[in-house]
Structures are given as C-alpha cells and as structure tokens.
Amino acid sequence: MVCGTPANFSRRRSGCSNPKSAAMNRSKDKEDTTFTASVEYLSLEAKYFPQGNQLDTVVAGEASPTWRAIEYGLELLKKGTIYRVGNEPGISLGRQDHRKVSAWVKPPGGVLKVNVDGAFHGQSGRAAVGVIARDHDGRALLRAWRLLFHCRDAEEAEAAACLEGVRLSTRWPDASCVLESDCSAVVEKVNMKTPDRSIVSAIIGDIQSEMWQFRAFRVCKVRREQNKVAHELAQWAIKSSSSKVSFVNFPECVESLISEESGTLLGCNGVT
C-alpha cells in the first residue's frame, strides 16, 4: 500500500524556525500517514471481505480494471513491501508480515483449491509429486501421487508437481482455481510476465499454457505447514513406489491431516 504525502509536506520542506516544532510535525505526520493507510485498508476489507481476508483474493479473468488495480496492490502487500513517507531524507522501505497463517485455509464457495508438492531425495535420486484438490468445505475431491523418473533436482520436482496439479484441475474447467505450492522459486517463475529462461523453463511454459483453460487460475506461495497433505502424498509415492489418482480412497498417512484441516476456518475470498 502506498501512503500519500502528508498535507503539510511542502511547509516542512520550506523550513521551520523552531526545531522542536519540526520534530513534533514529523511525529504527527508519521501518525497521520499510518492512520490513513489503516483506515483505507480496513474500509476496503469491511466492505468487500466481511468474512475473510482480502490478501487471499482470487480475481477472475474478466475482472474490471478497478479490480485489476486492487489485485496489483494486494500483490505488493503479500510481498510485505510498504512505502512510508519518512522525515526529511525522503521515503524509507519497510517490511511487515501482514498475516501469519500456520494451517491450510479453506477457499470460498465456487473456488477449487489445489495443493501440490514435489519430493526429491538427493542420495537416491528418487522423486515424486503429490496433489490434493479440495472445495470450500475442505472436502477432498481428488488425491494423486506419482513417481517421477529422470528428475534432476528438487526444483524440477516442484515444477512438475505444479504442472500435475494444473492438469488434474482440468476436470473442473468452469471453477476458479487457486494452486498452492511451498516452493517460492517455482511460484515466482510461473507468475512472471516475461519468458522464463531457467533450466525448468519448458515445464513453466506448460504450466502457463494449461492455466489459460480456466475461467480464473492463480498460483500462490504458502508455508510448508499449510501444504502438509500434498507433502505427505509425494513422500508416500516414494515410500510405496506407487502412482495413483483417486477420487475416493487415499493413504492412511494423510487421512487424519485432511480431517484436521477440514475444520480450518474460512479465510479466502474470490472476486468475479
């Protein structure tokens, strides 16, 4: 969120004969700026996100320019980047953690949430992916785990997991989808506006192409503790040396996790 310039900024720039008054003005400017930003943030959240957090917004493909602008602002907030108007030296950059979530969060109605994870064992070279798709009630609609062959490293496994998640999600082409991964490098590459030229660029290109099939599709970074089920599914593929896509059955190792996370409070909002 970009805070505006204080109303008395030009007066302070022109000089102040009383150092004590100048210090008081600077202190007041800081308080006023912080207060204004808080009111704007809370007002937007109260009006459009009464039951959740606006930082989890999913903007549909045909959203208006206004919502696109809001989406851009939310992306800056998610990165924890805030510009504050400082004192005489100018603008300083600060970082804040706006939201600390330690568990999987349900999506809103009409939104499909897909969690993916890649596993790579460096010593053995074995790799696998895990995928789980859930609705707004936390009900598991799909579980998948698959072994990977000739996988180079952990990043390739994570990218392959994202591609697997996107492709499996095509079963619900009319749904707005949120894909979550705990690999920041892959998520950043998928969301880049410029072509990726890394060693996993072919997989990234496939992910971006597949995403166009959906009405709305968003790829987000989450913490490892918010991605436990997908992580366990990938590990299970390696342990059991098996691959499977299931709409009914799932390994016992994730059964308790799914039941536990299905009780997580609603905290994600979609905008169409």
Is the backbone of [Y] close enough, under 3.5 Å, to the side chain of [X] for a donor and an acceptor to pair up by distance?
X      : Y      : result
Thr170 : Val166 : no
Asp206 : Ser209 : no
Asn191 : Val219 : yes

Using a distance-only test with no angle check, is there a side-chain donor-acceptor pair under 3.5 angstrom linking [X] and [Y]?
X      : Y      : answer
Arg126 : Ser241 : yes
Ser242 : Trp145 : yes
Trp104 : Asn227 : no
Ser176 : Arg215 : yes

**Message:** Which heavy atom of Ala128 sits nearest to which heavy atom of Ala237, and what is that distance?
**Reply:**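 In this case the closest contact between Ala128 and Ala237 is CB-CB, 3.6 Å.
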**Request:** Might you point out which heavy atoms bring Cys162 and Leu179 nearest each other, and give the distance in Å?
**Result:**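 For Cys162 and Leu179, the tightest heavy-atom pair comes out as O-CD1, 3.7 Å.
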Is there a side-chain contact between [X] and [Y], using heavy atoms and a 4.5 Å cut-off?
X      : Y      : value
Glu180 : Val187 : no
Glu155 : Lys189 : yes
Val186 : Val200 : no
Val114 : Ser169 : yes
Leu141 : Phe247 : no
Leu257 : Glu232 : yes
Arg146 : Lys244 : no
Glu156 : Cys151 : yes

**Prompt:** In terms of heavy-atom contacts, does CZ of Arg139 have more than 12 from other residues, nucleotides or ligands at under 6.0 Å?
**Reply:** no
Verify same cluster id: [X], [Y] (apolar side-chain graph, 4.5 Å):
X      : Y      : result
Val129 : Val254 : no
Phe120 : Ile238 : no
Ile203 : Phe217 : yes

**Message:** Name the residue from His231, Arg224, Gln226 that meets the side-chain hydrogen bond (donor to acceptor under 3.5 Å, both in side chains) definition with Asp182.
**Reply:** Arg224
**Message:** So, taking the atom named OG in Ser181 and the one named NZ in Lys221, what distance separates them when rounded to the nearest 0.5 Å?
**Reply:** 8.0 Å
